[in-house]
There are 2 protein chains.
Amino acid sequence: MEALFHYIRKYSSIAVSEEDFELIKSHFTYKRLRKKQYFLQEGDVCRYFAFVLKGAMRQYYVDEKGMEHVVQLAIENWWVGDRESWVKLSPSRYTIDAWENSELLMISYQDVVKLSQLFPSLAEMMRKMDESNNIATQKRITSAISHSAERRYADFALEYPEILRRFPQYVIASYIGITKDTLSRIRKQGLNN
Amino acid sequence: MEALFHYIRKYSSIAVSEEDFELIKSHFTYKRLRKKQYFLQEGDVCRYFAFVLKGAMRQYYVDEKGMEHVVQLAIENWWVGDRESWVKLSPSRYTIDAWENSELLMISYQDVVKLSQLFPSLAEMMRKMDESNNIATQKRITSAISHSAERRYADFALEYPEILRRFPQYVIASYIGITKDTLSRIRKQGLNN
DNA sequence: AAAAAAAGTAGACAAATGTCTACCCAGTTG
DNA sequence: CAACTGGGTAGACATTTGTCTACTTTTTTT
């Protein structure tokens, strides 16, 4: 529980008192998920966005041929959810499941809006989250459209070593948009440089 | 000038008076760019984010081999700029130039922060912009890592017909991460379906 | 420890995409 | 009108990446 408190303070310039935090906390729902359990299934509305207290989560899209494409990975102190579905309450095209046993703190969009009005610090945190999220996705797009698979993997390994450690290669491969076979080749080749 | 006013009202639930708007407006700088002129050059800090009143802008990244990779395109009522550089005042890796003669309304990060404190409606607009931007980039990433070039082009054409009309094929090709040659082939093939 | 499941590697082949050169076409400019 | 420029197409070939099947290694479960 403390992790969220730290997170809010880290991303906010305005102080948050213990009492404020108690009220904020009361709007979050704690949830435990065991490995392989779903947080969101395709077609369902993503009613909650979740702060990851513990564990590792995977968000993916299943195409017409039944192939899974990983669009997002999250570990401790990251947020997970389908933004569009969460905001618009529209059915999601994504599936989110727990890759490890995980603990989450979930909150609805409505409650975020409400709390943001009460606590400017929370609004600020959300804004900064959005901001850094935008910056990160911009980088990912730049990488995806302009670099080779080899370069994308190298960049990823450098930027997210912890993620690399906790997910198997084929999940990472999917995240950077290639198959496990290609990643295996790239890694082998990389050893001789 | 009116376009920005409309934009703010459209994206904000809180009313904005004419007087408020006058003050907001005074923080924006009007700028005209002729075709091919730069709005941002690689290595420079992106001091301003710009609202496009008129014209068409192109944002791209130049790789080690001198190849240009289009990361963003913008026309009327869109915003353009390098978010990371703008927020952190760090040198940008991107170049932004005018594809058509254009008119912009530019604003610094500092001024946005200041105005957001004065006008909740502006803060709300910014938040919604971020939100929809996040949703759009998420979709683009999903498309980039999981669809074929053909599918990506089809999706693009459907979602942004106006952009398609105003930029040449090779710019669109770069935007979706392929070469002009490949796009040419895809389009030819598409005629027979 | 044995068995089963999950993850990674390898190689052969196929498909998609990139590269390069040449040429065409349309609009603009001298 | 000729020359030029920007954009698009075409085809030959190279490279990258995907697909599939088989096998090995590692991890988990029993």
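The structure displayed is predicted, hence computed values, not measured ones. Just so it is clear: chains get the letters A, B, ... in the order the sequence lines come, proteins before strands, and each one is counted from 1.
Residue A/P168 places its side chain closer to C/dA7 than to any other of C/dA7, D/dT17, D/dA10. Taking the side chain of A/K36 as heavy atoms from C-beta on, and the options D/dG11, C/dA10, C/dA6, the nearest nucleotide is C/dA6. Closest to the side chain of B/I178, out of C/dG18, C/dT19, C/dA6, is C/dG18. Each of D/dT17, C/dT17, C/dG8 was ranked by its minimum atom distance to the side chain of B/A149; first place goes to C/dT17. Distances from the side chain of A/W99 to the nucleotides C/dT9, C/dT19, C/dA7 place C/dA7 closest. The side chain of A/T182 lies closest to D/dT17, out of D/dT17, D/dG6, D/dA10.
D/dT27 atom P lies 15 Å from atom CD of A/E100, rounded to whole Å. The nearest whole Å value for the distance from the CD1 atom in A/I145 to the P atom in C/dT17 is 15 Å. Put simply, CG on A/L164 is 14 Å from C1' on C/dA7, counting in whole angstrom units. One atom, CG of A/D181, and another, P of C/dG11, lie 13 Å apart when rounded to the nearest Å. Note: CD1 (A/I172) to C1' (C/dA6) measures 16 Å, nearest angstrom. Here the C1' atom of nucleotide C/dT17 and the CZ atom of B/R152 are 10 Å apart, to the nearest Å. If you take CD of B/E150 and P of C/dA16, they are 9 Å apart, rounded to a whole angstrom. Atom C1' of nucleotide D/dT24 and atom NZ of A/K188 are separated by 14 Å, given to the nearest angstrom.
Between A/Y11 and A/H6, the distance from one ring center to the other does not fall under 6.0 angstrom. No close placement of the A/Y94 and A/Y60 rings is indicated, their centers lying 6.0 Å or farther apart. With ring centers used as reference points, A/Y7 lies under 6.0 Å from A/F51. In this structure, A/Y109 has its ring center no closer than 6.0 Å to that of A/F49.
The number of heavy-atom neighbours closer than 6.0 Å to CD of B/E18, taken from other residues, nucleotides and ligands shown, is 12 or below.
Both A/K180 and B/Q169 lie near DNA chain D, and the one whose nearest nucleotide falls closer to the 5' end is B/Q169.
Between the side chain of A/R185 and the base of C/dG8, no donor-acceptor pair under 3.5 Å is found.
Side-chain nitrogen and oxygen atoms of B/T179 include at least one within less than 4.0 Å of the OP1 or OP2 phosphate oxygen of C/dG18.
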